[in-house]
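First the proteins, then the strands, lettered A, B, ... as listed; each starts at 1.
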Amino acid sequence: MPKLSFPIGPQHPALKEPENLRFTVDGELVVDADIRIGYVHRSIERSCSERNYVQDLYLCERVCGICSNAHTLAYSMAIEKLADVEVPERAQYIRMMMHEFERIHSHMLWLGVAAHEIGFETLFMYAWRDREIIQDILEMVSGNRGHYAMTTLGGVRYDITDEMAGKIREGLATLRQRAEHYADIATTEATFLKRTVGVGVVSGDRCQQLGACGPVVRASGKDYDVRAYFPYLKYDNVEWEVRTSELCDVLGRTIVRVQEVIDACDISIQCLDLMPEGGEIQAKFPRKVPEGEVTSRVEAQRGELIYYVRSDGSDVPERVKIRTPTLANLPASIEMVIGGQIADIPIAFASIDPCFSCTDRMVVLDDISTGDRRTMSWAELVKLGKRK
Amino acid sequence: MEVLRPLFHVLVFPGFLFLVAFGLLASWVDRKLIAKFQNRVGPPITQPLADLIKLLAKEDIIPQHANRAMFAWAPLVGFAGVIASAVYIPMWSPTAVNFFNGDLIVVIYLLTLPAFALFLGGWYSSNPFATIGATRVLSQLFGYEVPFFLACLGPAVAAGSWSITEITRMQADGLWLIGAAPLSFVVAMIALIGKLERVPFDIPQAKTEIVTGPEVEYTGRRLALWKLTFLTETIVGSALIAALFLGGPHFWGIPFDQMGPWLGGLVGMVVLAVKILLIVFFLSLVQAAMARIRIEQMVEWSLLWLGIPALANIGVIVFITRQMGA
């Protein structure tokens, strides 16, 4: 059979977001792969420089539907550092809980998607059913199931009452049990193992060379986790450990994620225990932020999320730059599929938990050979946007 | 009237109309069962019929670069193969509508037609997903077809006949051939999953990998024909396994001799329907419990773990019949 080149995307049932992957296959073997992103560029960074700091909070939340809280958290941490505002302790614990709740719901969502990619519909249904527990908790705490709008500059918007705390403990206990059950399934079910062991292999060193982060790099034996390396919020005060796996394949990533769900349950319960009773949950925040520049990073569920903010002393940021974890993981994902089978493409790609819509940025490069600096006019941008 | 008789058998019973109606019912049972296993509500009983009507009403598109004749005729050939094979399978009494010594081979051949038709239809669709799916159909065919044939050979050797009717009649005294060929039975059931392209062998269709593979370019009534092909193949394949291993319409304690042809036929049909639905239950259970494996894993696994047990079972049967004969 001759070498065949075929596309996956921009529309394909395996991927819910528009991006284009082009594969060259020899029979069932993938010999080359290439990725094109940029189908959902929304100009978020530019829009940030046109709105004030509070408005940007809501804009950043909408970078991603799944890690919305991680985005507001990283953004708020950056601005708070600039404005030198101390967040009340209780608010920090609540932020941390929301951070972990989001990790739980995202990893459970991923488990379902991964199962769907390999045709294991029952695990998909069960994982998403159990994800409802954490969705209900999120709704109870913040009033929303998606964009929680929980984090605000200088604190959080809603307090956690004793009644809520009881329900959270109850829900997390059930969820923890279910997660342990899934950890068991992932390591024992024969067909699941057939599709995940030795699939999408990238070594730990190669991962770091390619700048991968999050569960991808942790599943390759490296213990890089922002929560441990550069502790923020109150991660120093709770007991937890970075979960790693030496397997370097999809199974390793599954184990790491399911284990992180279990850990997130434990961390949240510890937060409830350690939280100071009563007190402020929101510090007063100035409208204008002093001049300066700052970066902040958090360990979002997909990996390290970096925010860079530069302020010129007004109430509008001069520049906001967002580096989402998917962008960091994409080079590694290409290595995962090359040399593998066609059948493994969806699961290998899904194993980095990609979120392409969050990743799309536009860069205009200067021409190195001629030294010409390029800028694009508005008319050119509109034309580019309409290009097929 | 005698002229119309074969036509009635092909078009109404046990052919087209009956197979489609029972196929839709079995498909509902299958979907409802899987829904229950997956903690969902599942569709209402009219859903498979509604789906079929919807597809029939949709626009029928043939891709510009596809081979028109191949693309258009492939689903009809596959469907016709399944319908034709139904007349050789006992549906209400141990005697089928039509039988001769060797009809087992004909049925196995006819049941292979859908796979070949699917390959041709996919190959001539001029779509990379369909092309990959089509090659997977053929690779998978080598995986399950040999074990399926060997498994059907078990009862044939035990009964000493190549006729499904003869094999079923032999079981009418209550000795089901599952007793003589238990391994062949298991192999046949698993090979049937491969034949019907269901989880864990839904590799040629693989929705998340190659977007339903060979069927990807099919729309409207031609897609409906593919759906019908696999619905009816579920029934015919299950009925074949029931006839070869589970005594066909026979069940202990039911006095078929005293009931007359009409009542006896009706009861026999109900008994067979229950057996078919039990096989469907098994298919649903497997579908709910497993993930899809890869094509090379499937071929390797099935030749080893289906082919060898089926051969071993035939060996045992040959040995025993020789001993008994001597």
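- When the candidates B:Pro200, B:Ala206, B:Ala289 are compared by the number of heavy-atom contacts under 4.5 Å with chain A, B:Ala289 comes out ahead.
- Rounding to the nearest 0.5 angstrom, the gap separating the CG atom in B:Leu113 from the CG atom in B:Leu118 is 12.0 Å.
- For A:Gln341, the part lying near chain B is the side chain, with the backbone staying farther off; criterion is any non-hydrogen pair under 4.5 Å.
- Checked for salt-bridge contact, A:Arg195 and A:Asp344 meet the test: a charged N lies under 4.0 Å from a carboxylate O.
- Contact annotation for residues 57-72 of chain B against chain A (heavy-atom separation below 4.5 Å): no residues qualify.
- Within the model, atoms CD1 of A:Ile168 and CD1 of A:Ile133 stand 13.5 Å from one another, a figure rounded to the nearest 0.5 Å.
- Across A:Val261, A:Ile262, A:Leu111, a single residue satisfies side-chain contact (heavy atoms from CB on, under 4.5 Å) together with A:Tyr182, and that is A:Leu111.
- Residue A:Ile342 touches chain B through both its backbone and its side chain, counting heavy-atom pairs closer than 4.5 Å.
- Both the backbone and the side chain of B:Ala288 come within contact range of chain A, each with at least one heavy atom under 4.5 Å from a heavy atom of that chain.
- Within residues 33-54 of chain B, the residues having any heavy atom less than 4.5 Å from a heavy atom of chain A are, in residue-number order, B:Phe37, B:Gln38, B:Asn39, B:Arg40.
- Figure legend: cation-pi geometry between B:Arg31 and B:Trp28 absent, as NZ or CZ is not positioned both under 6.0 Å from the six-membered ring centre and within 45° of its axis.
- Interatomic distance, CD1 of B:Ile193 versus OG of B:Ser302, reported as 11.5 Å (0.5 Å rounding).
- Only the side chain of B:Ile295 comes within contact range of chain A, judged by heavy atoms closer than 4.5 Å.
- Using a 4.5 Å cut-off between heavy atoms, A:Val199 touches chain B through its side chain atoms alone.
- A:Arg218 places no side-chain N or O within donor-acceptor distance of the main-chain N or O of A:Thr244, the cut-off being under 3.5 Å.
- In summary, A:Asp184 and A:Arg178 do not engage in a salt bridge, as defined by a charged side-chain N under 4.0 Å from a carboxylate O.
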Worked check of disulfide bond (SG atoms under 2.5 Å apart) between A:Cys67 and A:Cys64: CA-CA 6 Å; A:Cys67 23; A:Cys64 181; 3.2 Å; no
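- The closest donor-acceptor contact from the side chain of A:Ser245 to the backbone of A:Leu247 lies under 3.5 Å.
- Top candidate by heavy-atom pairs under 4.5 Å with chain A, chosen from B:Val211, B:Thr212, B:Val199, is B:Val211.
- Here the straight-line distance linking atom CG of B:Leu56 with atom CG of B:Leu228 works out to 7.5 Å at 0.5 Å rounding.
- For chain B, the nearby parts of A:Glu117 are the backbone and the side chain; heavy atoms of each come within less than 4.5 Å.
- A salt bridge links A:Glu335 with A:Arg206; the closest basic N to acidic carboxylate O contact falls under 4.0 Å.
- The aromatic rings of B:Tyr218 and B:Trp226 sit perpendicular, their planes meeting at an angle over 60°, well past the 30° parallel limit.
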